[in-house]
Amino acid sequence: MSDKPGLLLVGELPEWDVAALEQDFHLFHYWRAADKAAMLADARDSTVAIVTKGEIGADAALMDALPLTKIIACYGVGVDAIDLDAARARGIPVTNTPDVLTEEVADFAILLMLGAARRVRHGDAWVRSGDWARLGPMPLNTRVSGKRLGIVGLGRIGSAIARRAEGFGMPISYSARARKEGVAHDWYPTPAAMAPHVDVFCIAAAGGAGTRGLVDRAAIEALNPGVIFVNVSRGTVVDEAALLDALRGGRIGAAGLDVFLNEPNIDPEFLTFPNVLLQPHAASGSFETRKDMGRLMRDNVGAAMAGRPLPTRIA
Ligand code: 8YV
């Protein structure tokens, strides 16, 4: 038995974070445990920290299985998959990794807009398949610059997307519960109210109970035909059945999707649409950003162990 305190890794982390954590902790790699219950029983009397990821979270049962837990540190900004009420009830602080991924995710939203509208997948396949030489130029696609952009959720990431879109000459509107002080963009109280006024519709709202199904069937049915549809937030924010109906019906011109319900086992129908650019929840996935996220996550864990204030406590 190790004399180091235990730390449960709920999901897989890059080797540099694993190596750094191993200096101070005995790691329980929960994500690769064949017998998860046995691992929790092993970890119970020594584990003082749970490290999880945005898309995986932590539930009350996990917290109860590790009663010495002093922190749940999320490697990611979104804590919607963590049962925050359960953590609060047990006096366990929760931290996340805000700011360090904002610009990266905003870059990715622009990439999805451009990649979907300009049919980047199609162009790549056109070259590789020999269609270029055989058939000539690929079919035409859709411009992004100057088009009207609507952003669902103008938080840190939504605002960073808006800053970039200004460089593309895009008139910007946003939907949010309340108008944001000092923001000149057009405001709509709901995605459905905004939908008819935009050509590019981009979801950047935080996930969680408060935004579940926020982009509802009414919003999807109110989209302009040919709209470019992008989601870099959470699959839960969208009525996915309505989105699939709109894709099937040809109402959406192109979509760039990084997030889905039931990741990574997404609805296979998404694979059937040639005008959808699919990504595996990868918006924050550059070396640089993941290193920054890991550092911030570890700073939070270190602070919890030392009894110092937590740098980015969210609950
Ligand atoms: C993931 C994310 O956490 O920050 C978030 O909320 O969803 C992502 O950055 C990332 O994939 C790490 O697992």
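Remember, it's 1-based here, ligands and their atoms both numbered in the order they're listed.
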Any donor-acceptor pair under 3.5 Å from [X] side chain to [Y] backbone:
| X | Y | result |
| --- | --- | --- |
| Arg234 | Val259 | no |
| Asn141 | Arg118 | yes |
| Asp292 | Val100 | no |
| Asp199 | Arg148 | yes |
| Arg44 | Pro67 | no |

Is there any N or O on Gly54 that sits under 3.5 Å from an N or O of ligand 1? yes
Just let me know how Leu101 lines up against ligand 1, side chain, backbone, both or neither, with a heavy-atom cut-off below 4.0 Å. side chain
Give the residue and atom name of whichever protein heavy atom lies nearest to [atom], and the separation in Å to one decimal.
| atom | answer |
| --- | --- |
| atom 2 (C) of ligand 1 | His281 NE2, 3.5 Å |
| atom 9 (O) of ligand 1 | Ser284 OG, 2.8 Å |
| atom 4 (O) of ligand 1 | Val77 N, 2.7 Å |
| atom 10 (C) of ligand 1 | Arg290 NH2, 3.5 Å |

With heavy atoms of [X] as the reference, note each atom of ligand 1 found under 4.0 Å away.
| X | value |
| --- | --- |
| Arg234 | 2 (C), 5 (C), 6 (O), 7 (O) |
| Glu55 | 1 (C), 3 (O), 10 (C), 11 (O), 12 (C), 13 (O) |
| Gly78 | 4 (O), 5 (C), 6 (O) |
| Lys53 | 13 (O) |
| Met293 | 9 (O) |

Might you confirm whether atom CZ of Arg177 has over 12 heavy atoms from other residues, nucleotides or ligands at distances under 6.0 Å? no
With distance as the sole criterion, is a donor-acceptor pair present between the side chains of His281 and Glu263 under 3.5 Å? yes
Quickly, which of Ile151, Leu149, Val152, Asn231 forms a side-chain contact (heavy atoms from CB on, under 4.5 Å) with Phe201? Name it, please. Val152
